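Take a look at the structure below.
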Protein chains: 2
Amino acid sequence: MSVTLKDIAVEAGVTTPTVSKVLNASSTSARVGQATRERVMEIARRRGYRANQVARGLRMQRTTSIGLIVSGLTTPVRMRMLERIEQLLLASGYHVFIGTSEGCAEKESQYVKEFLSRQVDGLVIASRGHLTQNSHLERLAKSGVPVVLTEVEVPGLEIAQVVVDIAEGARRATRHLLDQGRRPVLLVPAGDNLSVAQRITGFLQAYTDTGRSASEGRIHRMDVSALGEPASWPRLGLAAAHELVAAYPDLDAVFASSDHVALGLMRGLRQTGRQIPDDVLVVGFDGLIESECYEPPLSTIEQPQDLLAREVVRALSEQLRDAKPSRERVSLVPELIVRESSQVG
Amino acid sequence: MSVTLKDIAVEAGVTTPTVSKVLNASSTSARVGQATRERVMEIARRRGYRANQVARGLRMQRTTSIGLIVSGLTTPVRMRMLERIEQLLLASGYHVFIGTSEGCAEKESQYVKEFLSRQVDGLVIASRGHLTQNSHLERLAKSGVPVVLTEVEVPGLEIAQVVVDIAEGARRATRHLLDQGRRPVLLVPAGDNLSVAQRITGFLQAYTDTGRSASEGRIHRMDVSALGEPASWPRLGLAAAHELVAAYPDLDAVFASSDHVALGLMRGLRQTGRQIPDDVLVVGFDGLIESECYEPPLSTIEQPQDLLAREVVRALSEQLRDAKPSRERVSLVPELIVRESSQVG
DNA sequence: CTGAAAGCGCTAACAA
DNA sequence: TTGTTAGCGCTTTCAG
């Protein structure tokens with residue numbers, strides 16, 4: 001079927017190791033005769049030789065492949081990061097296996113096992129952190145395989161992590177609203193993942209930072225079970241708008257859990273006659289590029305996706321190079337982008 | 001490092017082939033003694049044995065891996081499809097290598113070569129069809145590797161294709177606008193890819209279908225060179241809005257190339273004082289779930305992403321099963337979703 | 001400078 | 001029922 005080292009060796013009248021040395025010239029300081037070298041190279045080129053990476057992987061105990069596990073591609077932020085990671089890894093000669101865990105720890109652990117049995121050289125796990133169910137990660141930490149965890153910080157894990165400081169992002173957004181004399185409501189999906197926990201932390205901290213009581217902070221949880229397939233966060237935001245105006249007659253500001261939620265939220269608020277930003281201020285989360293064209297343009301916490309991708313790949317590369325796992329922590333602070341939706345006048 | 005067949009064989013006091021037979025019991029009707037079987041299974045379970053898929057792949061000439069090449073993850077439609085494809089393939093025991101070609105035929109061809117050298121069992125190529133530069137696909141067609149091309153139909157290729165009938169989608173959208181007595185402008189990115197060509201075809205066909213002259217169809221090309229990184233289609237739509245009102249004083253309807261373009265377009269039109277849908281009707285393309293929460297809710301051509309993914313995997317699976325490529329053509333018709341942006345009153 | 005030998009971990013064919 | 005032999009395609013070590 002495809003041309004092998006042997007095919008070339010036969011045609012060149014040499015043995016396979018010789019051909020191998022020629023073709024991997026750069027790596028080993030291969031000492032091969034000039035004549036043979038040229039002859040072999042010519043034949044290889046002419047026959048379109050490409051090394052069988054499976055055989056090579058078996059022999060070298062190194063596959064130049066990386067397993068990348070994401071909880072889902074359905075958010076544009078993740079997909080952008082994923083794309084960047086893939087590009088950066090490719091530049092270092094790695095190909096990536098992708099796995100979508102749907103935020104399920106069970107599936108995540110499944111992928112880890114399968115990717116390891118495929119002998120990946122390293123693993124990137126971008127799951128939305130489950131509060132529990134991290135036993136497979138602990139096992140992984142001990143296995144000595146290069147791993148980088150990203151997206152949400154999972155405390156108490158001996159694994160390199162490159163994460164966004166969601167709490168700080170939430171704090172900034174909330175502070176921005178408080179500073180305008182409003183009393184923001186935090187809108188989060190129901191459920192106990194770390195991302196939500198950190199939003200709440202930052203949200204309440206902004207209250208106490210400004211001399212208010214944490215108990216003043218109102219938190220509204222969206223019923224995620226109604227989330228269809230594909231997930232429609234805007235629709236959830238839309239419903240939440242009606243719930244919010246019913247629950248809080250004095251509603252004057254909302255910090256939404258994502259830009260998509262904010263999109264639906266703003267529409268819903270308009271349906272109830274609220275003007276944005278005149279009646280209600282809104283801040284989103286993600287920094288979707290299109291949010292600048294929402295009605296009105298949405299203030300948001302911008303996820304540093306490109307930087308995140310770069311740091312993930314850097315952290316992984318170091319482990320790959322040193323052939324040992326690290327425990328470094330990189331925490332990136334997301335920036336607040338202020339647009340019309342959160343500023344009067 | 002990790003436990004091998006041999007480790008188990010030694011511990012069980014048998015040879016590796018025996019262990020292999022036990023562990024692959026289902027496949028071959030392996031005839032192994034009940035006692036040995038149980039002993040081996042117990043040891044394998046206890047030691048947490050997982051077959052080395054690289055070795056297995058080399059031996060079996062079959063890696064249960066698929067290469068998936070997309071032009072970019074940056075559109076939600078593609079990412080949804082990708083996610084579905086990955087899930088479906090996983091269900092059949094395949095893992096996927098991902099490659100993002102950025103719509104560049106050169107990179108695409110690069111990935112094809114690299115994935116083949118990794119001995120993938122099949123390939124899915126979801127590139128936005130380049131009009132030229134398909135020589136690598138022609139070579140691929142001859143290679144006998146199972147391949148499915150998707151997203152945009154590339155004529156004259158001996159490769160299985162599962163595509164969306166973009167022309168028909170464009171025809172329907174245009175017809176919908178014409179039927180309301182408007183004279184829609186087609187908004188497309190500049191450049192010569194097949195997707196644009198097909199939009200134009202369908203657009204003009206709607207004109208002739210309704211007894212109009214094709215020359216009445218106005219086409220506006222957006223300067224894509226201004227497209228930043230990450231790509232901001234809304235921003236392009238925003239700019240286009242101003243160009244359109246300047247170019248066509250009687251502007252009364254626009255068929256945009258994507259929902260994101262439409263988002264920016266609608267914002268831009270409002271900036272110039274146009275009301276949507278009262279002054280200008282707008283239809284998008286993609287069927288993004290969030291477009292129902294745009295202002296106003298956007299009419300759009302819905303890409304049948306899930307069906308597309310299913311058909312892609314089906315077409316590929318058939319080739320994998322029969323161990324031979326096919327040339328089947330599946331063309332899916334996208335549906336028009338009518339919302340407020342394209343209907344007066 | 002090149003060849004011979006060995007083996008990565010696995011499975012398929014055949015013997016015993 | 002089990003073991004022996006062999007080899008997937010490649011690279012590494014060691015002789016020559």
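We name chains A, B, ... by the order of the sequence lines, and we start the count at 1 in each one. In this text, all values refer to a predicted model and were calculated from it rather than measured experimentally.
The side chain of B:Pro17 has D:dT5 as its nearest neighbour among D:dC10, C:dG9, D:dT5. Between C:dT11, D:dG9, C:dT2, one nucleotide has an atom nearer to the side chain of A:Thr18 than all others, and that is C:dT2. Side-chain proximity of B:Lys21 to C:dC8, D:dG9, C:dA13: nearest is C:dA13.
Atom CG in A:Leu58 sits about 9 Å away from atom C1' in D:dC8, given to the nearest Å. If you take CD1 of A:Ile8 and P of D:dT11, they are 11 Å apart, rounded to a whole angstrom. Between the CG atom of B:Asp7 and the P atom of C:dC10 there is a distance of 9 Å, given to the nearest Å. Atom CG in A:Leu5 sits roughly 10 Å away from atom P in D:dG9 (whole-Å rounding). The distance from atom CZ of B:Arg56 to atom P of C:dT11 is 5 Å, rounded to the nearest whole Å.
Note on A:Gln53: every side-chain N or O is 4.0 Å or more away from OP1 and OP2 of D:dG9. Contact annotation: B:Asn24 side-chain N/O to C:dT11 OP1/OP2 distance is under 4.0 Å. A:Ser20 has a side-chain polar atom (N or O) that falls below the 4.0 Å cut-off from OP1 or OP2 of D:dT11. The side chain of B:Thr4 places no N or O atom within less than 4.0 Å of a non-bridging phosphate oxygen (OP1 or OP2) of C:dC8. Taking only side-chain nitrogens and oxygens, A:Tyr49 never comes nearer than 4.0 Å to OP1 or OP2 of D:dG9.
B:Ser65 and A:Arg118 form no side-chain donor-acceptor contact under 3.5 Å, judged by distance and modelled atom types alone.
For the pair B:Glu42 and B:Arg39, the salt-bridge criterion is not met [side-chain N within less than 4.0 Å of a carboxylate O]. Looking at B:Arg78 and A:Glu83, no side-chain N of the basic residue comes within less than 4.0 Å of a carboxylate O on the acidic one, giving no salt bridge. The pair B:Glu108-B:Lys113 does not meet the salt-bridge criterion, since no charged nitrogen lies less than 4.0 angstrom from a carboxylate oxygen.
In this structure, A:Lys6 and B:Arg59 both approach DNA chain D, and ranking their closest nucleotides by distance from the 5' end singles out B:Arg59.
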Q: Decide yes or no on side-chain hydrogen bond (donor to acceptor under 3.5 Å, both in side chains) for A:Gln119 and A:Gln61, but give the supporting numbers first.
A: CA-CA 8 Å; A:Gln119 312 296 108; A:Gln61 303 287 61; 5.0 Å; no
